[in-house]
Q: 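After the structure tokens below, expect a handful of questions from me.
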Amino acid sequence: MTKVADETPSVGLARSASRGAVVMMGGQGARIVVQLGGVVVLARLLGPSEFGLVAMVTAIIGVGEVFRDFGLSSAAVQAKNLSPYQKDNLFWINAGIGLALSIATFLLSGPIAALYGDDRLRTLTMVLSVTFLMNGLSTQFRADLGRHLAFGRLVIADAVGQVVGLTGAITVAVLGGGYWALAVQQVGQSLITLVVLVIVADWFPGLIHRRAGMGPLITYGSTVFAAQILNYVSRNVDSVIIGARFGAVPLGLYNRAFQLVMLPLLQLQAPATRVALPILSRLQDTRIRFNAFISFGQTALLTLVGLMFGILGAQASAVVQVMLGDKWLAAVPTFQILLVAGYFQAAAYVTYWVFLAKGLTRANLLSALVTRPITIGLIALGSQWGVPGVAAGFALGLGITWPISLLWIRRVSDVDSRELFFNGLRMIVVFGVATLASYASTMAMPADQPVLRLVVGTLALALSLVIEAALWPRFRRDALAVIGARKYLARERKPSAPAPAAAPDTTVEDR
């Protein structure tokens with residue numbers, strides 16, 4: 001890959017980034033609508049105990065998803081050159097890991113049921129074990145589409161799988177299937193997504209090749225995998241502790257509160273990563289453009305997260321009433337605490353982009369070895385005060401992780417971590433004030449008017465942001481940059497001179 005001076009723009013790369021961002025965000029908007037609709041419907045058809053039972057299983061076996069990927073999807077996307085033989089081998093490695101995990105999970109169904117003291121979990125675990133094989137088969141199809149910036153086809157595959165899985169879940173729930181509805185949703189979504197990925201991909205794996213040069217890819221993937229394991233444990237130990245200590249109903253309440261926070265957050269982070277990682281990997285040798293891209297990406301992400309979490313936090317009771325129903329109101333305090341955790345996760349997320357895009361997987365692992373045990377310890381300590389204490393420990397752990405991660409990337413790269421820190425801090429102030437304004441605007445309104453409270457609270461939050469933008473020039477520049485991004489991206493797609501040599505290589509072997 002040829003290096004190019006920072007001052008030289010890459011029109012082709014900008015065009016790819018802009019199109020990818022628009023497609024992915026548009027697709028994720030549709031997915032969020034579907035997922036929120038599913039949350040609303042299933043929360044009224046099922047109770048906390050059903051969600052708690054499934055959460056008990058997924059909190060443990062979900063670690064298998066990290067094993068199944070083994071960091072190889074990131075390795076395939078980040079690699080500057082990837083031969084057809086290497087792609088074939090990566091596919092068979094992920095497929096083999098998925099098959100092994102399915103068998104292991106099936107055999108461990110008894111011990112998992114014994115851990116929680118509920119024999120229903122035995123059969124449930126057996127059924128869910130098949131998702132590892134299907135997701136293992138999907139891994140490199142996803143990576144290949146992401147590597148070639150085919151985000152539209154990724155969106156289609158995910159959306160179709162999600163709709164079919166949700167439809168199956170609602171059908172089973174209406175027929176009285178209870179927690180099996182959630183199992184049908186997971187299995188159905190994995191299966192349909194795999195089928196669509198195979199159909200829309202321009203690539204199909206061949207046989208295993210012995211001399212494909214897999215060493216660098218395996219090394220990269222293994223270090224990413226080790227860090228992901230630590231991340232997974234730190235973000236799921238809360239469910240295991242709550243399920244083991246307090247039972248299915250408290251875990252069900254916690255799980256739905258966690259889902260309301262993470263659903264919009266993950267639907268922003270996942271597509272942002274699919275767009276950002278291929279682009280940043282190509283900009284890793286151009287410092288100015290890399291820093292500009294990642295700073296704007298963080299600002300845009302935190303603006304969207306702040307808007308959503310501001311209204312969710314200020315009007316938490318109304319949100320839970322509308323989304324889940326009155327029987328879930330006990331989850332409101334936990335929900336508000338988890339929103340704080342979600343913000344810190346979003347603020348620190350760009351450090352993950354830096355580690356992967358620049359190939360700093362060992363530094364990523366070392367950072368996780370330092371920060372993740374802190375979160376795990378605080379969650380365990382917080383459990384002494386019940387479910388809200390677990391949520392508070394989780395939020396505090398992520399709050400501590402954020403500045404440590406920024407200091408880490410400052411030490412190992414040329415990224416301007418100081419700017420990234422102040423971006424996050426500025427958004428805390430801006431959206432913190434707006435959240436308080438939204439909360440104050442509905443304090444005197446009756447609790448039995450949740451829709452009205454949401455409307456008034458949203459308007460108050462928007463008005464507060466307008467005032468803050470008028471008074472604070474730096475935030476005004478942030479807001480105008482985010483609002484004007486679509487116009488800029490449209491301008492980038494106009495016909496222009498051919499891209500210089502900095503454009504990423506797209507050889508026949510890669511395709």
Side-chain angles (χ1 to χ4, degrees), residues 24 58 61-79 82-105 128-151 153-162 165 186-209 212 214-229 231-232 266 269-271 273-278 281 352 356 361 364 510-511:
M24 289 300 293
T58 55
I61 71 171
V63 71
E65 279 299 299
V66 183
F67 277 93
R68 182 267 306 164
D69 182 270
F70 203 72
L72 298 180
S73 60
S74 297
V77 172
Q78 194 270 348
L82 190 69
S83 74
Y85 287 177
Q86 289 174 319
K87 288 199 293 186
D88 292 342
N89 285 358
L90 288 174
F91 170 83
W92 290 112
I93 292 172
N94 284 130
I97 295 174
L99 176 60
L101 287 169
S102 290
I103 295 172
T105 303
L128 291 175
S129 68
V130 72
T131 59
F132 292 121
L133 175 58
M134 292 184 288
N135 291 340
L137 294 170
S138 299
T139 301
Q140 290 304 317
F141 285 105
R142 286 185 175 279
D144 188 67
L145 291 172
R147 178 176 176 82
H148 295 105
L149 310 181
F151 303 118
R153 283 176 277 178
L154 275 173
V155 166
I156 291 172
D158 287 335
V160 172
Q162 186 178 38
Q186 292 192 35
V187 174
Q189 182 171 331
S190 295
L191 175 60
I192 299 302
T193 301
L194 170 60
V195 171
V196 178
L197 283 170
V198 173
I199 292 172
V200 302
D202 291 331
W203 165 78
F204 197 80
L207 299 176
I208 296 174
H209 310 280
M214 301 300 294
L217 295 170
I218 298 298
T219 299
Y220 181 98
S222 62
T223 49
V224 172
F225 157 75
Q228 287 175 337
I229 283 289
N231 291 339
Y232 183 88
L266 293 178
Q269 287 181 167
T273 300
R274 290 173 189 165
V275 173
L277 183 55
S281 295
Y352 179 65
L356 294 190
T361 53
N364 183 34
D510 280 339
R511 295 193 181 279

Q: Atom CH2 of W92 and atom CG of L137: how far apart are they, to the nearest 0.5 Å?
A: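 The CG atom of L137 is 8.0 Å from CH2 of W92, to the nearest 0.5 Å.
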
Q: Of the options T193, N135, N94, which is the one that meets R142 in a side-chain contact (heavy atoms from CB on, under 4.5 Å)?
A: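 It is T193, the one option of T193, N135, N94 that forms the side-chain contact (heavy atoms from CB on, under 4.5 Å) with R142.
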
Q: For I199, enumerate each residue passing the side-chain contact (heavy atoms from CB on, under 4.5 Å) test, keeping only those at least two apart in sequence or located in another chain.
A: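 Checked I199 against side-chain contact (heavy atoms from CB on, under 4.5 Å); matches are V195.
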
Q: Is there a side-chain contact between V200 and L145 in this structure, where contact means two heavy atoms from C-beta onward sitting under 4.5 Å apart?
A: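 The answer is yes; the side chains approach within 4.5 Å.
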
Q: Supply the atom-to-atom distance F204 CZ to K87 NZ, rounded to the nearest 0.5 angstrom.
A: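 It comes to 13.0 Å.
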
Q: In Å, rounded to the nearest 0.5 Å, how long is the span from CG of D202 to CZ of R153?
A: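 So the CG of D202 and the CZ of R153 are separated by 4.5 Å.
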
Q: Looking at every heavy atom in both S138 and L197, which two are closest together, and how far apart are they?
A: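 Heavy atoms only, the tightest pair is CB-CD1, 3.8 Å.
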
Q: Can you tell which of T105, V187, T58 makes a side-chain contact (heavy atoms from CB on, under 4.5 Å) with T131?
A: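 Considering T105, V187, T58, a side-chain contact (heavy atoms from CB on, under 4.5 Å) with T131 is found only for V187.
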
Q: Does any non-hydrogen side-chain atom of F141 lie less than 4.5 Å from one of P205?
A: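 Yes, their side chains come closer than 4.5 Å.
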
Q: How long is the straight-line distance from CD1 of I97 back to OG of S102, given to the nearest 0.5 Å?
A: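 CD1 of I97 is found 12.0 Å from OG of S102.
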
Q: Could you measure the distance from the CD atom of Q86 to the CD1 atom of I93? Nearest 0.5 Å is fine.
A: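 One finds 10.5 Å between CD of Q86 and CD1 of I93.
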
